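These numbers were taken from a predicted model, which means no experiment stands behind them. Atom set for the values below is all heavy atoms of this structure, side chains included, hydrogens, waters and symmetry mates excluded.
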Amino acid sequence: MLEGLDPEQREVATALHGPVCVLAGAGTGKTRAITHRIAYGVRAGILQPSSVLAVTFTARAAGEMRGRLRQLGAQGVQARTFHSAALRQLQYFWPKAIGGSMPRIVDRKIQLVADAAAALGTRLDRNELRDVTAEIEWSKVTQTVPADYPYAAAKAGREAPRDPAEIAHLYAAYEDLKRDRAVIDFEDVLLLTVAVLQDRQDVAEQVRTQYQHFVVDEYQDVSPLQQRLLDLWLGDRDNLCVVGDASQTIYSFTGATPDHLLDFRARHPGATVVRLVRDYRSTPQVVRLANGLLAQARGRAADHRLELVSQRPAGPDPVYTEYTDEPAEAEGAARRIRELMDAGVPAAEIAVLFRTNSQSETYEQALADAGVPYQLRGAERFFDRPEIRKTHIALRGAARFGGNDSLLDDVVDLPSQVRAVLSGEGWTGEPPAGSGAVRERWESLAALVRLAQDLAAARPGATLADFVAELDERANAQHAPTVQGVTLASLHAAKGLEWDVVFLVGVAEGMLPITYARTDQQIEEERRLLYVGVTRARERLHVSWAVSRSPGGRASRRPSRFLDGLRSGTTPTAGYGGFGAGGGVERGFTASAAPVPRRAQRTPARCRVCGRTLTDAGEMKLMRCEDCPSDMDEGLYTRLREWRAVQARSSGQPDFCVFTDRTLMAIAEACPENPAELSRIPGVLSRKLRSYGADVLAICAGREPGGVDGED
């Protein structure tokens, strides 16, 4: 159980008594260390599997931990999220502690917030609804009641989306509405569990008799409410092992704080403290950049930073690229990804990471244009996809019928059985052409085949019934298998993941740090967010930014201050006020290699009706304000849509991969007569001009595509 662990990991694995604090840097094998610790304790007879509760923050991480513990022979150990563990206890003890049936848990509280606002006569737009909901969530995890919200928000330095007193009234109305409708929300699960454990000593003792040893992963992300629940689980015992890294605290806006991690030794003076700094994930070049980012950091978390030491062979230096505008940046990233895939890098080993979800659309379009399959992390959950639900049912049926299923005649090994069932659902071994919905469906099902291969390798005697049981467990935990597509994700969503190649995009002032990050604490959290992004890369790292938001816009942006002193030709920024020196020769600077002369020569986009400067991407495609009158040729627009549908079907991709609706509207409004006029329409890139230009111009001229004259 201890073989293959480095000295520090072995120290973690053998520290089975008393409080233990593991300070684990990115890529240092913390999950390996704590799962071997649990398994070693079980094998040594020191820990009873049923008495161990391992807690982490995502269902995916909990599922991964359970899988590793099973492989190590530690079945029976509970690995759950805080909410999952609390919910199980609340459901079990509700009849005894409270009585009656447990209220329904609302999936999304935003509608309740809207109803509460309406009851108060308060109008909230969509963004305000989202922000007020976030304030209510923060209040609950910090154990702030409605009346105390204004004071607590001011003390925490939060910028309230509305007057704090008004938010307090909305918060109170929201709580009243929940009681009236007999529902509870996600945070109530923790609050009510805490209340039951505080008020019912008999229930608390029963829980403490069941669970006697606790492991908490990602401890830097614990909120005050979660810490209170953990304290109640522990009682007066100290059989606790926590694992975390203050430099990866990126969720303080939700109430998370690294203080519990940083104060652990003060609360537990006799604690064993182990530092994991050997980085097995990233090359020395990537690690050097990560360490450099933290070397310039300030604050309490920075004082406890871990200096990583790469254990991998040398790799390429990070590549820094400046682009003229955001669409050019997306096209450049897509082009490089296409080149990497053509050179043999699997799509699933590449990620594009950005600061905000709103940046994803540009990259989705660019990857689709380049014929690159992708998956958007944080979108529809894997086990909720229609093809997966249908196939899951088919696999369960095949497992139930066993040898009586004709599909499985003469099929012995598990992966072949899974392929046979999938073939009955229309799946083929070869991927379809294109990168649209058809390809995405194929990739989802292919992920099941790879999962079957992994299970068969780990458990040679595994049956189809075992595979279905694995799927059931993963579905319950939302622990999805790997899908073969480039990952698009926000930096927050990328936490805990890793890829061979990472593209960090939009690394510019105003985006990283984000515009609304003003205090030193907020700026430092933005730095940590970039640090998390950098440490997701195993081998190659591409960092890029655009000097303007849109084609033809003013080139006023600068690369992020966090890169100052880390790129050649730059020096560290003194203080937070300036943009830094910048302007030096970039290592790997390749913007000039990106053929974007047409974009660079454009003047600022203006509405062709009223003359206002356009900034919205959709309006720029139309070359007019959304509310300015349109002179679109409806008949031409209809013909273009019909032509697009034919093109999309023939290439096996969704319609928008040919041209988006807005681009077709812009074409129908401009009615271009030659390639030069067509190329001036945003959305008509050079590749699309070559592929579709002749057809589009023919349709605009009233002819059939392909040179056949049509009727005027």
Answer yes or no: is there a side-chain heavy-atom contact under 4.5 Å between Val507 and Pro559? no
With sequence neighbours left out, what residues match Phe186 under ring-ring contact (aromatic ring centres under 6.0 Å, His included)? His83
Do any N or O atoms from the side chain of Thr133 and from the backbone of Leu129 form a donor-acceptor pair under 3.5 angstrom? yes
Ser490 side chain near Thr356 side chain, heavy-atom distance below 4.5 Å: no
Distance-only, no hydrogens or angles: does the Arg396 side chain make a donor-acceptor pair with backbone N or O of Val468 under 3.5 Å? no
Any idea which heavy atoms bring Thr362 and Ala330 closest together, and the distance? CG2-CB, 3.4 Å
List in chain and number order the residues that pass salt bridge (charged side-chain N to carboxylate O under 4.0 Å, His left out) with Glu326, two or more places apart in sequence or in another chain; answer none if no residue qualifies. Arg557
Minimum heavy-atom distance between Ile667 and Pro672, given as atom pair plus value: O-CD, 3.5 Å
So does Arg355 get a backbone contact from the side chain of Gln359, meaning a donor-acceptor N/O pair under 3.5 Å? yes
Minimum heavy-atom separation for Gly506 to Glu329, with atom names? N-OE2, 2.9 Å
Any salt bridge linking Arg536 with Glu498? Criterion: basic side-chain nitrogen under 4.0 Å from a carboxylate oxygen. no
Quick one: which of Val534, Val502, Thr535 gives a side chain to side chain contact (heavy atoms under 4.5 Å, CB included) with Val286? Val534
Should Leu491 and Val532 count as side-chain neighbours, where that means a heavy-atom distance under 4.5 Å? no
Under a 4.5 Å cut-off applied to non-hydrogen side-chain atoms, are Val352 and Ile337 in contact? yes
So how far is it from Ile250 CD1 to Glu526 CD, rounded to the nearest 0.5 Å? 10.0 Å
Quick one: do Val183 and Ile105 satisfy side chain to side chain contact (heavy atoms under 4.5 Å, CB included)? Show the steps, please. CA-CA 6 Å; Val183 297; Ile105 302 174; over 6 Å; no
Could you walk me through whether Arg338 and Asp342 pass salt bridge (Lys or Arg N to Asp or Glu O under 4.0 Å), step by step? CA-CA 6 Å; Arg338 181 75 266 174; Asp342 291 342; 3.3 Å; yes
Arg540 atom CZ: more than 12 heavy-atom contacts under 6.0 Å: no
Rounded to the nearest 0.5 Å, the OG1 atom of Thr663 sits from the CZ atom of Arg644 at a distance of 9.0 Å
Any residue meeting side-chain hydrogen bond (donor to acceptor under 3.5 Å, both in side chains) with Glu128, in chain and number order, not counting sequence neighbours: Arg162
Please assess Leu112 against Arg181 for the test side chain to side chain contact (heavy atoms under 4.5 Å, CB included), listing each intermediate value before the final yes or no. CA-CA 10 Å; Leu112 274 175; Arg181 297 183 180 180; 3.2 Å; yes
Residues Tyr174 and Asp115: side-chain donor-acceptor under 3.5 angstrom: no
Interatomic spacing from NE2 in His392 to CG in Leu471 - rounded to 0.5 Å: 5.0 Å
Any side-chain heavy atom of Cys700 sitting closer than 4.5 Å to one from Glu677? no
Could you check whether any side-chain heavy atom of Phe503 comes within less than 4.5 Å of a side-chain heavy atom of Phe354, counting everything from C-beta outward? no
Side-chain contact, heavy-atom cut-off 4.5 Å: Arg703 with Ile699? no
Nearest heavy-atom neighbours spanning Thr324 and Val547: O-CG2, 3.4 Å
For a side chain to side chain contact (heavy atoms under 4.5 Å, CB included) with Asp369, tell me which candidate from Arg335, Lys688, Glu331 qualifies. Lys688
Under 4.5 Å between any side-chain heavy atoms of Val543 and Thr321, yes or no? no
Indicate the atoms forming the closest heavy-atom contact of Leu448 with Thr391, along with that distance. CD1-CG2, 3.9 Å
Glu322 versus Trp545, side-chain donor and acceptor atoms under 3.5 Å: yes
Specify whether His492 and Tyr251 have parallel, tilted or perpendicular ring planes, treating 30° as the upper limit for parallel and 60° as the lower limit for perpendicular. tilted
Could you grab the distance from atom CZ of Arg450 to atom CG of Leu445, nearest 0.5 Å is fine? 10.5 Å
Derivation of the side chain to side chain contact (heavy atoms under 4.5 Å, CB included) call for Val372 and Met341: CA-CA 9 Å; Val372 174; Met341 291 173 58; 3.7 Å; yes
OG/Ser679 to CZ/Arg690 distance, rounded to the nearest 0.5 angstrom? 12.5 Å
Taking every heavy atom of Leu488 against every heavy atom of Leu367, the minimum-distance pair comes out as CD2-CD1, 3.8 Å
Between Leu504 and Leu512, is a side chain to side chain contact (heavy atoms under 4.5 Å, CB included) present by the stated rule, with each step listed? CA-CA 11 Å; Leu504 289 175; Leu512 262 172; over 6 Å; no
From Leu124 CG over to Leu170 CG, what is the distance, rounded to the nearest 0.5 angstrom? 6.0 Å
